[in-house]
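These notes concern the structure reproduced below.
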Amino acid sequence: MTDTNSGRDGRGASGTGGTRAPEAIPGPGPGMAAERCAGGKPRGRRVAAASLVALAALATGCEPGTAEGAQDVPPVRATQAAAPTPSPFLTAPVPSAEDAKPSTAPPPSPSASTAAPAPTTARPAPEPSTAPPPRVLMRTGSESERVRELQARLRQIGHFGRNPTGYYGSVTADAVRSFQAKRRLPVTGSTDAVTWQRLLAMTRVPTAAELDPPTERPVAAPDERCLKGRVLCISKKSRTLAWMNDGKVVSAMDVRFGSEYTPTREGVFEVFWKSRDHVSTLYDTPMPYALFFSGGQAVHYSADFAANGYGGASHGCVNVRDKKKVAALFDQVKNGDKVVVSW
């Protein structure tokens, strides 16, 4: 009769007669469970060997396999770390002791994208330029042939609406400011080297007719009293003066007259006095190239007329704004020549 509880592998109580050493009692390993589920009896020595293999695997950090596969696994050396095989019975990793402890590490530093931007250093203000300003070639009060060319060139491109006079007055200064503003140059009203070079690049050389036109206005048909002899024929209607010799116009120029409070006298007169550099003793104003014909009234150059045009008036004299023309006239007219002032 076989003793099923003896833990021996099917041998009876009576063996070969020797005393047997007590066998190690195997623990409830997976191999035992597999064998019991299969309905067989545990085999003592084989089970013990499987248990020893499992214990050796635990000692080296590996998980035990099944009893049947244990003998197929090569022995693991103690000095070689084997990669752990994940257990099929675990659905989530077991947290280690370090995971359970509260973290004492400092919080991560903010990334560059979330960090506050570093304060920017304000750029220093640009230092003022130490370069000298452009040299001024012409300004208010200048009077020359270059001023006449400046006016003619400005007129070519629509900034000066009058005939050139050669005098740099407020009208010319305003025309220069208009030109400078449109070209984004410093608006000064004076013609410096930069303004002049820009104007030269945009215009052509003025013709003689552009530089020295006869008059701004058409010369009126001469009064019949002007058709004989040497006559200064002056028309208030056309605001022109024609220097005539026996009915032929030698030269013509624009003129203006006195205001309603100091009107220019009308009639036939003679030139009785010539004064090249005359200064009015009554108004203390220059009257260059003066040709006196009636008391204190004279034909003469007016810088104010050249500068401001018909915006002003004389004190009764006949003002000429073209200095070059009136200078030539002064040299040609003689005392005793006729003067006719008409409407």
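Thr195 places no side-chain N or O within 3.5 Å of a backbone atom of Thr191 that could act as its donor or acceptor partner. Using modelled atom types, no side-chain atom of Gln197 and backbone atom of Asp192 make a donor-acceptor pair closer than 3.5 Å. For Tyr310 (side chain) and Val255 (main-chain N/O), a donor-acceptor pair under 3.5 Å exists by modelled atom type. Remark: the backbone N or O of Gly258 is paired with a side-chain donor or acceptor of Thr264 at under 3.5 angstrom. The backbone N or O of Gly161 sits nowhere less than 3.5 Å from a side-chain atom of Arg155 that would complete a donor-acceptor pair. A distance-only check finds a donor-acceptor pair linking the side chain of Gln180 to the backbone of Gly189 [under 3.5 Å].
Salt bridge Asp223/Lys237: absent, no basic N to carboxylate O contact under 4.0 Å.
From Phe305, atom CZ reaches atom NZ of Lys323 across 15.5 Å, with rounding to the nearest 0.5 Å. Taking CE of Met287 as the reference point, atom OG1 of Thr281 lies at 9.0 Å (rounded to 0.5 Å). Taking CG of Leu154 as the start and CG of Asp174 as the end, the distance is 11.5 Å to the nearest 0.5 Å. For the atom pair Tyr283 OH and Cys317 SG, the distance stands at 8.5 Å (nearest 0.5 Å). Between Phe293 atom CZ and Leu232 atom CG the span is 9.0 Å, to the nearest 0.5 Å. To the nearest 0.5 Å, the span separating CZ on Arg198 from CZ on Arg183 amounts to 8.0 Å.
Taking the centre and axis of the six-membered ring of Phe330, the NZ or CZ atom of Lys274 falls inside the cone set by 45° and 6.0 Å. A cation-pi contact, defined as under 6.0 Å to the ring centre and within 45° of the axis, links Arg146 to Trp196.
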**Request:** Just do the ring pair (Phe, Tyr, Trp, His ring centres under 6.0 Å) check on His159 and Phe179 with the steps written out, would you?
**Result:** CA-CA 7 Å; His159 288 279; Phe179 175 80; 5.8 Å; yes
**Request:** Could you walk me through whether Thr165 and Asp322 pass the side chain to side chain donor-acceptor pair (under 3.5 Å) test, one step at a time?
**Result:** CA-CA 5 Å; Thr165 63; Asp322 192 321; over 6 Å; no
**Message:** Working note: His315 + Gln297, criterion side chain to side chain contact (heavy atoms under 4.5 Å, CB included); need CA distance, chi angles, decisive distance, verdict.
**Reply:** CA-CA 8 Å; His315 293 98; Gln297 295 187 355; over 6 Å; no
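Looking at heavy atoms from C-beta onward, Val341 lies in side-chain contact with Phe269 at the 4.5 angstrom threshold. The shortest distance between side-chain heavy atoms of Asn319 and His300 falls below 4.5 Å. Put simply, the side chain of Glu270 does not reach to within 4.5 Å of the side chain of Val339, judged on heavy atoms. Within the 4.5 Å cutoff, the side chain of Val299 has no heavy atoms near those of the Val271 side chain. A 4.5 Å side-chain heavy-atom check between His278 and Trp273 finds at least one atom pair inside the cut-off. Side-chain contact between Arg225 and Val268: present, with at least one pair of heavy atoms (C-beta onward) separated by less than 4.5 Å. By the 4.5 Å heavy-atom criterion applied to side chains, Val340 and Ile234 are not counted as neighbours. Between Thr285 and Val279 the shortest side-chain heavy-atom distance does not fall below 4.5 Å.
Looking at residues two or more places apart in sequence or on another chain, you find no salt bridge (Lys or Arg N to Asp or Glu O under 4.0 Å) involving Arg265. By the side-chain contact (heavy atoms from CB on, under 4.5 Å) test, Glu210 pairs with Gln156, Arg204, Pro206, Thr207, sequence neighbours left out. For Cys233, the disulfide (SG to SG under 2.5 Å) criterion is met by Cys226, not counting sequence neighbours.
Contacts classified as salt bridge (Lys or Arg N to Asp or Glu O under 4.0 Å) and involving residues 284-305 (residues at least two apart or in different chains) are given here: Arg256-Asp304. Residues in residues 330-343 take part in these side-chain hydrogen bond (donor to acceptor under 3.5 Å, both in side chains) pairs, two or more places apart or across chains: Arg230-Asp337, Trp243-Gln332, Arg276-Asp331. Among pairs with a residue in residues 237-315, none fulfils disulfide bond (SG atoms under 2.5 Å apart), at least two apart in sequence or across chains.
Between the side chains of Thr188 and Ser190, no donor N or O sits under 3.5 Å from an acceptor N or O.
Under the 4.5 Å side-chain contact rule for hydrophobic residues, Val249 and Leu241 do not share a cluster.
For the side-chain hydrogen bond (donor to acceptor under 3.5 Å, both in side chains) criterion with Thr172, the lone passing option out of Gln151, Arg162, Arg139 is Gln151.
In terms of heavy-atom proximity, Ser314 sits nearest to Thr262 at O-OG1, 3.3 Å.
Ring geometry for Phe292 versus Phe272: interplanar angle of 30 to 60°, hence tilted.
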